[in-house]
Amino acid sequence: MKLLALDTATEQMAVAVGVGESAWTHGSAGGALASATLVPTVLELLAQAGLGLSDLDAIAFGQGPGAFTGLRTAVSVAQGLAFGAGKPVLPLDSLLIVAEDARAQGALDDAPDAWLWVAMDARMDEVYAAAYHCGPSGWETVVAPHLSDLDTLQARWGQAPLRLAGNAPAAFGERLPLPAGSRVWHTQQDRACAALRLAREAWARGRGLPPEQALPVYLRDKVALTTAEREALKQGAGP
């Protein structure tokens with residue numbers, strides 16, 4: 001299994017090349033810098049691994065949600081490289097990358113059946129949020145990635161303790177209080193390795209797509225939830 005994984009959905013740029021169980025990874029500042037540094041970084045890691053683009057089985061990319069510029073950078077680079085090499089793409093949920101990084105930090109060690117929520121600062125007083133469960137066959141999405149205001153997200157969490165990964169609690173502080181007993185993983189330790197692990201899982205599940213189907217998930221295309229959608233999100237809290 002020879003895979004390239006890249007993600008620029010956050011302020012971090014993450015790139016990884018995997019050959020079997022071996023990995024070559026890179027993490028650095030992203031944002032506006034990613035458009036200029038992503039391709040050279042990819043080529044450098046491929047050279048370190050002794051691979052050319054044609055040697056890869058697939059190219060994985062973080063499809064969002066996240067910052068528009070970062071998503072377009074990841075999508076365009078992944079799509080261009082895949083077209084050039086004649087390889088499939090593997091879209092990765094960028095919030096799930098956060099969850100996988102938290103899992104590697106031990107977020108689910110003492111509660112393997114728990115939901116793991118992810119909440120990332122989306123600016124404009126909003127949060128990108130989702131909930132996941134890691135079962136015997138891998139990750140499953142329990143609450144799909146969505147854009148939420150702070151009040152709606154708190155209502156969705158309810159009063160039960162939760163396990164949470166992401167930078168939203170640090171970004172909003174007391175404006176986003178957590179239920180008593182909650183545990184939070186604020187920091188992503190190795191986003192590149194997390195993306196590569198998800199890429200391996202996606203490839204094993206046969207999720208490769210033609211390059212023309214590499215599309216971003218940019219939730220701010222829809223600026224606001226309807227009243228009905230807000231009420232639906234407020235119904236019940238997960239375990």
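Values below: every heavy atom of this structure, side chains too, minus hydrogens, waters and symmetry copies. Position 1 is the first residue of the sequence, and the numbers go up from there.
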Worksheet item: Short question: side chain of His146, backbone of Ala129 - any donor-acceptor pair under 3.5 Å?
Response: yes
Worksheet item: If you round to the nearest 0.5 Å, how far is CD of Glu201 from CG of Leu196?
Response: 12.0 Å
Practice prompt. Kindly indicate, with the supporting measurements, whether the criterion side-chain contact (heavy atoms from CB on, under 4.5 Å) is fulfilled by Leu53 and Lys87.
Written response: CA-CA 9 Å; Leu53 283 170; Lys87 303 296 179 179; over 6 Å; no
Discussion item. So Leu38 and Thr73, do their side chains get closer than 4.5 Å, heavy atoms only?
Written reply: yes
Item to complete: Could you pull out the closest heavy-atom pair between Ala214 and Gln79, with the gap in Å?
Response: O-NE2, 3.5 Å
Practice prompt. Please answer whether the main-chain N or O of Gln189 pairs with a side-chain N or O of Asp101 as donor and acceptor at a distance below 3.5 Å.
Written response: yes
Fill in: Smallest separation among heavy atoms of Ser148 and Thr152, with atom names
OG-CB, 3.7 Å
Discussion item. Return the CD to OG1 distance between Gln105 and Thr187, rounded to the nearest 0.5 Å.
Written reply: 7.0 Å
Worksheet item: For the atom pair CG (Asp55) and CG (Leu46), what is the distance rounded to the nearest 0.5 Å?
Response: 8.5 Å
Worksheet item: Between Asp93 and Ile97, is any pair of side-chain heavy atoms under 4.5 Å apart?
Response: no
Discussion item. I'd like to know if Arg175 pairs up with Asp151 as an ion pair, taking the criterion as any Lys NZ or Arg NE/NH1/NH2 lying under 4.0 Å from an Asp or Glu carboxylate oxygen.
Written reply: no
Worksheet item: What is the minimum heavy-atom distance between Ser94 and Pro65, and which atoms define it?
Response: CB-O, 3.8 Å
Item to complete: Would you give the length of the straight line joining atom CG of Leu108 to atom SG of Cys134, rounded to the nearest 0.5 angstrom?
Response: 6.5 Å
Fill in: Single-linkage hydrophobic cluster Trp115~Trp185, side-chain heavy atoms < 4.5 angstrom
no
Worksheet item: Shortest non-hydrogen contact from Pro210 to Val89?
Response: O-CG2, 3.7 Å
Worksheet item: Are the charged groups of Arg163 and Asp110 less than 4.0 angstrom apart, N to O?
Response: yes
Practice prompt. Check Ala192 against Ala16 and note the closest heavy-atom contact, atom names and distance.
Written response: O-CB, 3.6 Å
Fill in: Spacing of CZ belonging to Arg205 relative to CH2 belonging to Trp139, to within rounding of 0.5 Å
11.5 Å
Worksheet item: Can you check whether Leu164 reaches Leu178 side chain to side chain, under 4.5 Å on heavy atoms?
Response: yes
Worksheet entry | Val217 and Pro145, any side-chain heavy atoms less than 4.5 Å apart | no
Worksheet item: Transitively linked via ILVMFWY side-chain contacts under 4.5 Å: Trp117 with Val142?
Response: yes
Worksheet item: Leu51 versus Val17: any side-chain heavy-atom pair under 4.5 Å?
Response: yes
Fill in: Arg123 and Asp121 ion-paired at < 4.0 Å
yes
Worksheet entry | Donor-acceptor under 3.5 Å (Thr141 side chain, Val143 main chain) | no
Worksheet item: What do the steps show when you test Trp203 against Asp57 for side-chain contact (heavy atoms from CB on, under 4.5 Å), and what is the final call?
Response: CA-CA 9 Å; Trp203 181 247; Asp57 292 309; 3.7 Å; yes
Worksheet item: Do the side chains of Phe83 and Phe61 join up, straight or via other hydrophobic residues, at under 4.5 Å, putting them in one cluster?
Response: no
Worksheet item: Would Leu209 end up clustered with Leu215 when hydrophobic side chains under 4.5 Å apart are linked, directly or stepwise?
Response: no
Worksheet item: Are Val98 and Arg191 side-chain neighbours, meaning at least one heavy-atom pair lies under 4.5 Å?
Response: yes
Discussion item. Tyr128: which residues meet the side chain to side chain donor-acceptor pair (under 3.5 Å) condition with it, sequence neighbours left out?
Written reply: none
Discussion item. Run the side-chain contact (heavy atoms from CB on, under 4.5 Å) test on Leu147 and Tyr218 for me, step by step, so that the C-alpha distance in whole Å, both residues' side-chain angles and the decisive distance to 0.1 Å come before the verdict.
Written reply: CA-CA 10 Å; Leu147 187 65; Tyr218 183 60; over 6 Å; no
Discussion item. side-chain contact (heavy atoms from CB on, under 4.5 Å), that's the test. Do Leu90 and Leu3 meet it? Break it down for me.
Written reply: CA-CA 10 Å; Leu90 296 167; Leu3 300 172; 4.2 Å; yes
Fill in: Trp157 side chain near Leu176 side chain, heavy-atom distance below 4.5 Å
yes
Worksheet item: Within a strict 4.5 Å, meaning less than it, do heavy atoms of the Met120 and Leu95 side chains meet?
Response: yes
Item to complete: Verify whether one side chain among Thr25 and Asp190 offers a donor that lies under 3.5 Å from an acceptor in the other.
Response: no
Discussion item. Please report the interatomic distance CZ(Arg200) to CE(Met1), rounded to the nearest 0.5 Å.
Written reply: 7.5 Å
Worksheet item: Closest approach of His133 and Ala114, non-hydrogen atoms and distance?
Response: CD2-O, 3.9 Å
